[in-house]
Amino acid sequence: MHIFDSVQKTKRKFTPMVEGKVSLYVCGPTVYDDAHLGHAKSALVFDLLVRVLEANGYSVIYARNITDIDDKIIKKAQEQNRTIKEITDFYTTAYHREMAFLGIKKPDIEPKATESLNAMFELIQKLIDNKHAYKTEDGDVYFDTASDSKYLTLSNRVQDEGDKFQRVESSSMKKNSADFALWKSVNDGGVSFNSPFGSGRPGWHIECSAMIEKHFVTVSSPYAIDIHGGGADLLFPHHENEAAQTRCATSHPLANYWMHNGFVNIDGEKMSKSLGNSFFLKDALKAYDGEVLRFYLLSTHYRSNFNFNEDDLLSSKKRLDRIYRLKKRLFGLANAYERTAFCEKLLDTLSDDLNISSALALIDEMISSANETLDTAGKHKELKKETLSNLTYIEKILGFGAKNPFEYFQFGLNEDAKAKIAELIIKRDEAKKAKDFALSDTIRDEILSFGVSLMDTPNGTFWERT
RNA sequence: GGUGCCAUCGCCAAGUGGUAAGGCCGCAGCCUGCAAAGCUGCUAUCCCCAGUUCAAAUCUGGGUGGCACCUCCA
């Protein structure tokens with residue numbers, strides 16, 4: 001297994017701290033709004049990573065956090081006149097539901113900020129004790145960036161003098177403009193938590209460091225975790241600051257490998273509220289099967305920026321359709337999975353920093369080759385068995401082809417329409433038997449008007465949503 | 001301004017030194033009552049210039065164009 005380390009900027013052979021075991025932490029969502037395609041992309045990428053690691057024989061402990069303390073949550077609660085918990089519960093539930101539609105497995109651990117406050121207190125106290133953090137007169141606690149000689153080495157940034165001049169207006173209490181809040185005192189009687197540093201709220205960055213420390217670290221770990229993941233925008237400042245906190249509060253660096261997924265743009269533009277709601281996952285799921293979105297969002301390498309575009313989605317869907325059509329051809333066969341040469345090749349290419357494009361090419365070639373043999377006369381018992389094993393493996397490692405193939409092709413049609421189509425197909429078959437092709441073609445036109453296409457096969461007539 | 005990434009067929013997209021994967025679209029054919037699906041065949045020398053090398057899409061330098069981050073952000 002090889003992974004591109006976005007800190008060292010090179011592809012590295014993956015070696016976990018403990019043989020056979022992998023600890024993975026990914027920055028999850030702040031639950032103040034519906035998930036958008038970017039959240040989906042990130043969750044999808046690390047879902048794939050976990051599957052590939054497991055296929056390589058690793059036992060993975062995967063944590064993805066929920067940030068449920070945040071100014072934006074408080075703002076939303078005030079706007080909607082609801083409690084913080086109502087807001088965070090609502091969006092957390094929605095997030096879980098939508099991720100499930102995408103075929104994303106649940107993380108093993110899903111820590112919440114509200115449930116990790118003690119771990120944050122401990123970490124902040126250690127930083128204060130080590131003189132890496134200081135308390136200001138108004139009760140805030142800041143990380144002292146000047147005290148950390150390795151600060152900015154994660155994101156390879158240089159301390160920019162110009163930067164300081166531009167941002168002088170922000171918080172005069174800080175020793176250095178680069179210092180970031182570990183604890184913000186809140187006196188307005190609103191949302192605050194009691195802490196050894198006074199009542200207030202934790203800074204964003206400390207949450208992740210604390211959760212990792214709480215859930216993963218054992219006494220002898222050379223790193224807190226093996227792999228830390230998240231969106232590309234998180235490298236700085238979020239991950240830089242996380243790494244600084246952990247490094248200065250404990251005796252170990254935060255992570256051995258860092259992985260960052262690329263961004264999702266819509267029609268060439270950065271996602272923003274002004275573009276309307278088209279980027280929300282819930283809206284995309286109304287129009288497309290979750291697995292179509294999974295396939296499309298995963299079809300480009302995880303490190304590249306992804307340009308979401310409906311035309312591309314449609315051509316990508318046609319590629320997924322091929323998997324399901326092959327599955328249809330083998331429908332009803334008893335599955336007896338065995339690891340084929342194809343499975344080995346697929347795993348090999350995915351183990352090279354998740355090379356999904358090569359993996360998809362392998363799948364397409366496998367499909368064409370299987371169809372070709374199946375088209376010729378003969379029972380092909382061995383080939384069918386092998387192909388079924390291949391499809392099973394694709395489903396397991398990539399999560400493609402997990403549904404009933406007939407239901408997959410019927411996405412979005414209601415029961416009345418399905419019944420009407422079935423009725424018309426019987427009528428058309430009768431007309432065909434009577435060689436009344438004019439009538440059968442008229443009926444077909446009527447069926448096509450439902451937005452479906454028809455396929456006459458030796459096993460009967462089937463239809464698919466187009 | 002600082003730092004970094006990218007540029008491969010009409011579209012999407014692999015390939016990081018050995019002579020261009022795959023999908024969509026298109027064209028031709030097989031199959032089909034006709035279709036659809038499936039199959040077969042056909043379609044690029046890799047932004048530009050210079051260099052290194054027996055050999056470069058792949059390395060180096062320069063140029064052009066696009067993008068990201070710079071303390072809210074998956």
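Small disclaimer: the values here were computed from a predicted structure and weren't measured. So that the names make sense, note that chain A is the first sequence line, chain B the second, and so on, each numbered from 1. Hydrogens, waters and symmetry mates play no part in the numbers below; they use all other heavy atoms, side chains included.
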query: Just wondering, are more than 12 heavy atoms of other shown residues or ligands nearer than 6.0 Å to NZ in A/Lys317?
result: yes
field: A/Tyr324 OH to B/A37 C1', straight-line distance once rounded to whole Å
entry: 18 Å
message: Taking side chain to side chain contact (heavy atoms under 4.5 Å, CB included) as the criterion, tell me which of A/Glu423, A/Glu430, A/Arg428 meets it with A/Ile426.
response: A/Glu430
- request: For B/C46 and B/A37, measure between their C1' atoms and round to the nearest Å.
  value: 34 Å
query: Counting side-chain heavy atoms from CB outward, which of B/G38, B/C5, B/G33 is closest to A/Arg329?
result: B/G38
task: Could you tell me the separation between the CE atom of A/Met366 and the C1' atom of B/G38, rounded to a whole number of Å?
output: 15 Å
statement: Residues A/Arg201 and A/Val191: closest non-hydrogen pair is NH1-O, 2.9 Å
field: P atoms of B/G51 and B/A13, separation to the nearest Å
entry: 33 Å
task: Determine the interplanar angle of the A/Tyr408 and A/Tyr324 rings, folded into 0 to 90°, and report it as parallel if under 30°, tilted if 30 to 60°, perpendicular if over 60°.
output: parallel
- prompt: Can we call the ring centroids of A/Tyr288 and A/Phe411 under 6.0 Å apart?
  reply: no
message: Can you check the distance between B/A7 and B/G15, where both ends of the measurement are the C1' atom (answer in whole Å)?
response: 15 Å
Given B/G38, B/C69, B/A74, the nucleotide with the shortest approach to the side chain of A/Arg157: B/C69
- prompt: Just how far, in rounded Å, is C1' of B/A14 from CG of A/Leu350?
  reply: 13 Å
message: Regarding A/Val26, tell me which of base, sugar-phosphate or nothing describes its non-hydrogen contacts under 4.0 Å with the strands shown.
response: nothing
message: Taking the minimum atom-to-atom distance to the side chain of A/Asn305, which one of B/A74, B/C11, B/A68 wins?
response: B/A68
- request: On the 0 to 90° scale, with breaks at 30° and 60°, tag the A/His39-A/Tyr95 ring pair as parallel, tilted or perpendicular.
  value: perpendicular
- request: Pull out every residue in residues 441-466 of chain A that has a heavy atom closer than 4.0 Å to any atom of RNA chain B, ordered by number, or say none.
  value: A/Asp441, A/Arg444, A/Ser453, A/Leu454, A/Met455, A/Asp456
field: Whole-Å gap separating P (B/A68) and CG (A/Asn261)
entry: 16 Å
query: Taking atom NZ of A/Lys427 as the centre, does the number of heavy atoms from other residues, nucleotides or ligands within less than 6.0 Å exceed 12?
result: no
field: Length of the NZ-C1' vector between A/Lys328 and B/G38, whole Å
entry: 12 Å
- line: Side-chain contact check for A/Asp312: nearest option of B/C12, B/A14, B/C69 is B/C12
- prompt: Of all the choices, B/C72, B/A74, B/G33, which nucleotide is nearest to the side chain of A/Leu234 once you look at every atom?
  reply: B/A74
message: Would you say CD1 of A/Ile61 has more than 12 non-hydrogen atoms from neighbouring residues, nucleotides or ligands within 6.0 angstrom?
response: no
message: Considering every strand and a 4.0 Å limit on heavy-atom distances, what is the contact class for A/Arg428: base, sugar-phosphate, or nothing?
response: base
- prompt: Counting heavy atoms not belonging to A/Lys150, are there more than 12 under 6.0 Å from its NZ?
  reply: no
message: Using a heavy-atom cut-off of 4.0 Å across all strands, would you classify A/His260 as base, sugar-phosphate, or nothing?
response: nothing
- request: Summarise protein proximity over nucleotides 16-29 of chain B in one line of letters, 5' to 3': B for base, S for sugar-phosphate only, - for none, counting protein heavy atoms closer than 4.0 Å.
  value: -----BBSSS----
- request: Write down the distance separating the C1' atoms in B/C11 and B/C25, rounded off to the nearest Å.
  value: 8 Å
- prompt: Base, sugar-phosphate, or nothing: which does A/Gly38 touch, judged by heavy atoms less than 4.0 Å apart?
  reply: base
message: Using a 4.0 Å heavy-atom cut-off, does A/Phe437 contact any base of the nucleic acid, only the sugar-phosphate backbone, or nothing at all?
response: base
query: B/A74, B/A14, B/G38: which one has an atom nearest the side-chain heavy atoms of A/His36?
result: B/A74
query: For the pair made of CG in A/Asp375 and C1' in B/U32, what is the distance, rounded to whole Å?
result: 13 Å
message: Can you confirm whether the side chains of A/Asn355 and A/Ser357 place a donor and an acceptor under 3.5 Å from each other?
response: no
task: Indicate, with a heavy-atom threshold strictly under 4.0 Å, whether A/Lys435 touches base, sugar-phosphate, or nothing.
output: nothing
query: Mind checking the P distance from B/A56 to B/C47? Whole angstroms is fine.
result: 15 Å
message: Would you say the base of B/A74 stacks on A/Phe263 (centre-to-centre below 5.5 Å, plane angle below 30°)?
response: yes
message: Would you say A/Asn355 places a side-chain N or O within less than 4.0 Å of OP1 or OP2 belonging to B/G15?
response: yes
- request: Rounded to the nearest angstrom, tell me the gap between atom CD in A/Glu372 and atom P in B/C30.
  value: 17 Å
query: Want to settle it: does A/Thr300 or A/Pro29 sit nearer the 5' end of RNA chain B, counting the closest nucleotide to each?
result: A/Thr300
field: Validation row, ring centre A/Phe406 to ring centre A/Phe331 under 6.0 Å
entry: yes
query: How many Å lie between CZ on A/Phe236 and P on B/C69, as a whole number?
result: 13 Å
